[in-house]
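One structure below.
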Amino acid sequence: MSLLYKHLRIHQIFGANTDVGKTILSTGLVRASALKGRSVFYLKPVSTGPLTQADDQHVTRYSAQLKDRIISKCLYQFSEPVSPHLAVNIDNAVSPTDETFVNSVATYIKKCASETERESYMYLETAGGVHSPTLSGTTQLDCYRPLFLPTVLIGDSRLGGISSTISAYESMLLRGFIVDAIVLFKDEYYRNWEYLKAYFAERGVWVSAVDPPPEILPDPKANFSITEKYYETISNPDNDTGIGGVVDHLTECHAKRLEDLSSMSSRARSAVWWPFVQHGLVNGDQDVTVIDSAQSDFFNTYHSRTESSSSALRPTFDGSASWWTQAFGHGNPALTLAASAASGRYGHVIFPQAVHAPALRLAERLVQKGPGKGWASRAFFSDDGATAMEVALKMALRTFSRESGVSAADYKQLGIVGLKGSYHGDTIGAMDACEEGVYTCEWHDAKGFWFEPPSVSFKHGVVTISVPSLVKANEHDIVAPSLPWVYDIPARLHTPLAQVYRNHVEFALSNISTPIATLVLEPLLMGAGGMIFVDPLFQRVLVDVARTRTPALPVIFDEVFVGLYRIGMESTIPLLGVTPDISVNAKVLTGGLLPMAVTLANDRVFQAFLSTSKADALLHGHSYTANPVGCAVANAALDLIEKVARSEEWVDARGRWAPSDDAASKFAQIWSLWDPTFVRTLSQMDRVDRVMAMGTVLAVTVKDSAPGYTSHSAKSAFQALSQVANNDRQPLSPAPGGAPFDVHYRTLGNVAYFMTSLNSSASTVRALEDKIWRALSELS
């Protein structure tokens, strides 16, 4: 977790390289801070080399006259003066995990904060350069990132130091670190500080140069004496060449950060129009979530009403995966670096009748190896899911028009067939592909027919198919033998229920007056309509019937939400056993870093636009079509997806859901990161109507006499999740730093849904399950 105290100003000290003077300047900062009448904590998390040469001992030795104000500490000490990842092996010690290491640092910081109530300072000195390995071998920037402490970068005053300082700064910037100051020694020969001051002044970064230390003398007594005099000089608040000014600047930065965070709620309420928010229900600043940073599965949110000994920032689990986008957590360095590299190489370049490597690689892997394998021939790029769906609708309507011979006069009468509760985005064209509802606007002009979908869930602990009375009179709930049975489409295609579905669909389509041109489905799971897990047999029957018509209706799969393993499978196509003519992917496509979408189409659709006339082309595009940054990030995300899909945690999760006698069957793909016993048990609680989980998604429908999108019952039922329980019963919180955490979540009326990243740890999911269980138990 990011730690921010009102009374304890903390700065982490990184070096542009090894041997640049971190400890000397840290000692100067500690002394200068103590001379301002403040208590000062110095922490060296890892020290390597003889104890007599340890950095924390150096700080203690040269701060003896201020010892009543200064506390220095080292957490991990190793005997050999080598990189920490080597030192731990040489000492035959067990290397702590990054999580354990960061937790130990956070625990010590919190201990220091609790021991003082007056204004005080803390300096946390790292080892070597910014990318020097920690004990586990992870580079320091990535290992320390969960703490997200504001930093001081110690620049390199030696030959080559300009380059190493700028490179270190950019590495920190890429990971989101706040660099409050760059400090380095004055070297009168290389004069790096002059260049760096000018360079960083243009970038608004504060640079300070400090006189270098004296040469080390062979006589220990004499050396101590001249070093002590040096520290007296540079630590003197009245010395213009000292570092008293650095301390003042860091303190101002701390105060400014707190001031900005405390004002953001009220400023946002005055300037921002939020999506999907009724501003009339926002009662005050406490209703606004102020996000200072985010890392892994957690936001760091600001809370002004905290005890003086508590951090003003606390971890908050991102319970909606930031509207279904997050795939690998926030601040993933692989995605950030991919974006940076493409931005530096291309920026953005025009795409019509052009190509660049990131777009070509992405198109080929989606068409030839990914969700389009075996059926798609082309990939069309656009900006987001809604615009990609408008592209899909244009493709389908043109294909049907050409094949059916419908006249131009009748083009605007063409409609679609879909499901009630469907949602394809908020652009007006995408809204028109849905039935009238809460998301539509005054221009809504939907033309088509929408079936009430049968759904799948756990009710009272058993797998249940809920069938609307319009489909099958007098029978609403069917108890299924098992979850794998529900998704065994080949076996169910010849059941009586399949025939009931088929008769219902054929009868309905033969009795509607609107000419139907395409079938549009959100396969398996309809998101914004209420997290409806549709009976897959019904959707398969819809596709089969659509293809018996003349001409066969083009079929669109909207996989914006469910695609690329959001629900545990790359695509829903293999499970349904049919291919679409068009499919759409977005959200997980770029790992949640930035918007991009792809519409895949088969050759039938492509041929409907192919001619020698420009007017026949797909005249649709966006200024940022195939943005190289987005394409590069998507390729990096797909690389990560391939790894996580083979991970041990996924294998274990699949094993929990697979039938014990058929764990290797294709039905092992119907699984979830959420525990099956938890899901079944939750469905038996008094306040719960039904529960369903698949992949990363958990949906809980709360009993409500007036259900629907405008209901507040789910929000009320889970309100306890937005409050930190300091006496959490789990042995160790999975939040960064091991801190108690709350949960940011979204509801759809009487439906609460929770979503993890693809790589969320089992410990994180178990902790969430415990919180969800307790929130509902408290209402019983």
Exercise for the section: Quick one: closest heavy-atom pair of Ala338 and Ala636, and the distance? Expected result: CB-CB, 3.8 Å

Exercise for the section: Check the side chains of Thr316 and Thr301 for a donor-acceptor pair under 3.5 angstrom, ignoring hydrogens and angles. Expected result: yes

Practice task
Output the distance between atom OH (Tyr346) and atom SG (Cys631), rounded to the nearest 0.5 Å.
Solution key: 9.5 Å

Practice task
Kindly indicate whether the side chain of Tyr423, heavy atoms from C-beta on, has any atom under 4.5 Å from the side chain of Met526.
Solution key: no

Exercise for the section: Identify the residue among Leu174, Val130, Val179 that makes a side chain to side chain contact (heavy atoms under 4.5 Å, CB included) with Tyr169. Expected result: Val179

Handout entry: Expected output: side-chain Ser320 to main-chain Trp323 donor-acceptor under 3.5 Å
Key = yes

Practice task
Could you please spell out the steps behind the side chain to side chain contact (heavy atoms under 4.5 Å, CB included) verdict for Phe718 and Val700?
Solution key: CA-CA 10 Å; Phe718 290 96; Val700 183; 4.0 Å; yes

Practice task
Start with the C-alpha distance between Asn585 and Leu366, add both sets of side-chain angles, then the distance that settles side chain to side chain contact (heavy atoms under 4.5 Å, CB included), and finish with yes or no.
Solution key: CA-CA 10 Å; Asn585 277 277; Leu366 290 173; 5.8 Å; no

Exercise for the section: Determine whether Arg145 and Phe177 make a side-chain contact, defined as any pair of heavy atoms from C-beta on separated by less than 4.5 Å. Expected result: yes

Practice task
Would you mind reporting whether Leu525 and Met694 have side-chain heavy atoms less than 4.5 Å apart?
Solution key: no

Practice task
State, yes or no, whether a side-chain contact exists between Arg690 and Thr464 at a heavy-atom distance under 4.5 Å.
Solution key: no

Exercise for the section: Give a yes or no on whether a salt bridge exists between Asp142 and Arg175, defined as a side-chain N under 4.0 angstrom from a carboxylate O. Expected result: yes

Exercise for the section: Determine whether more than 12 heavy atoms belonging to other residues, nucleotides or ligands lie under 6.0 Å from atom OH of Tyr624. Expected result: no

Handout entry: Working for side chain to side chain contact (heavy atoms under 4.5 Å, CB included), residues Phe317 and His744
Key = CA-CA 6 Å; Phe317 182 80; His744 183 276; over 6 Å; no

Practice task
Kindly indicate whether the side chain of Phe741, heavy atoms from C-beta on, has any atom under 4.5 Å from the side chain of Leu768.
Solution key: yes

Practice task
Would you check if the side chain of Ser340 reaches a backbone N or O of Thr336 as a donor-acceptor pair within less than 3.5 Å?
Solution key: no

Problem - Val562 side chain near Val697 side chain, heavy-atom distance below 4.5 Å - result: no

Completion exercise
Heavy atoms of Leu564 and Val588 approach each other most closely as O-CG1, 3.4 Å

Problem - Salt-bridge contact Glu642-Arg365 (side-chain N to carboxylate O under 4.0 Å) - result: yes

Practice task
Would you please indicate yes or no on a ring centroid separation below 6.0 angstrom for His622 and Phe381?
Solution key: no

Handout entry: Pair Phe754-Leu721, side chain to side chain contact (heavy atoms under 4.5 Å, CB included): steps then yes or no
Key = CA-CA 11 Å; Phe754 303 92; Leu721 292 176; 3.5 Å; yes

Exercise for the section: State plainly whether the residues Arg774 and Asp770 are in salt-bridge range, i.e. N to O under 4.0 Å. Expected result: yes

Handout entry: Nearest-0.5 Å distance that lies between atom OH in Tyr565 and atom CG in Leu638
Key = 10.5 Å

Exercise for the section: Over 60° means perpendicular and under 30° means parallel, so classify the ring planes of Phe299 and His330, tilted if in between. Expected result: tilted

Problem - Spatial distance of atom CD (Glu649) from atom OG (Ser763) [nearest 0.5 Å] - result: 7.5 Å

Exercise for the section: Measure the spacing between CH2 of Trp324 and CZ of Arg566 and express it to the nearest 0.5 Å. Expected result: 10.0 Å

Handout entry: Closest heavy-atom pair and its distance - Ser2, Ser311
Key = O-OG, 3.7 Å

Practice task
Starting at CG of Leu748, measure out to CD1 of Ile532 and round the result to the nearest 0.5 Å.
Solution key: 9.5 Å

Exercise for the section: Give the minimum heavy-atom separation between Val349 and Pro628, together with the two atoms involved. Expected result: CG2-CG, 3.8 Å

Problem - Donor on one side chain, acceptor on other, Asp297 and Thr764, under 3.5 Å - result: no

Handout entry: Arg656 to Trp671 six-membered ring, cation-pi geometry met (6.0 Å, 45°)
Key = no

Exercise for the section: Would you sort out whether Phe101 and Tyr144 count as a ring pair (Phe, Tyr, Trp, His ring centres under 6.0 Å), showing the intermediate values? Expected result: CA-CA 9 Å; Phe101 175 72; Tyr144 283 114; 5.6 Å; yes

Exercise for the section: Tell me yes or no: between the side chains of Thr387 and Asp384, is some donor less than 3.5 Å from an acceptor? Expected result: yes

Fill in the blank from the handout: Scanning both residues in full, the closest heavy-atom pair of Leu698 with Ala693 reads CD1-CB, 4.1 Å

Problem - Minimal non-hydrogen separation, Pro580 against Asn602, with atom names - result: O-ND2, 4.0 Å

All N/O donor-acceptor pairs, side-chain side in residues 355-364, below 3.5 Å, sequence neighbours left out:
from, atom 1, to, atom 2, distance (Å)
His356, ND1, Ala359, N, 3.3
His356, NE2, Ala626, O, 2.8
Arg361, NH2, Asp639, OD1, 3.4

Handout entry: Minimum side-chain heavy-atom gap Val486-Pro536 below 4.5 Å
Key = yes

Problem - Min side-chain heavy-atom separation Arg378-Thr599 under 4.5 Å - result: no

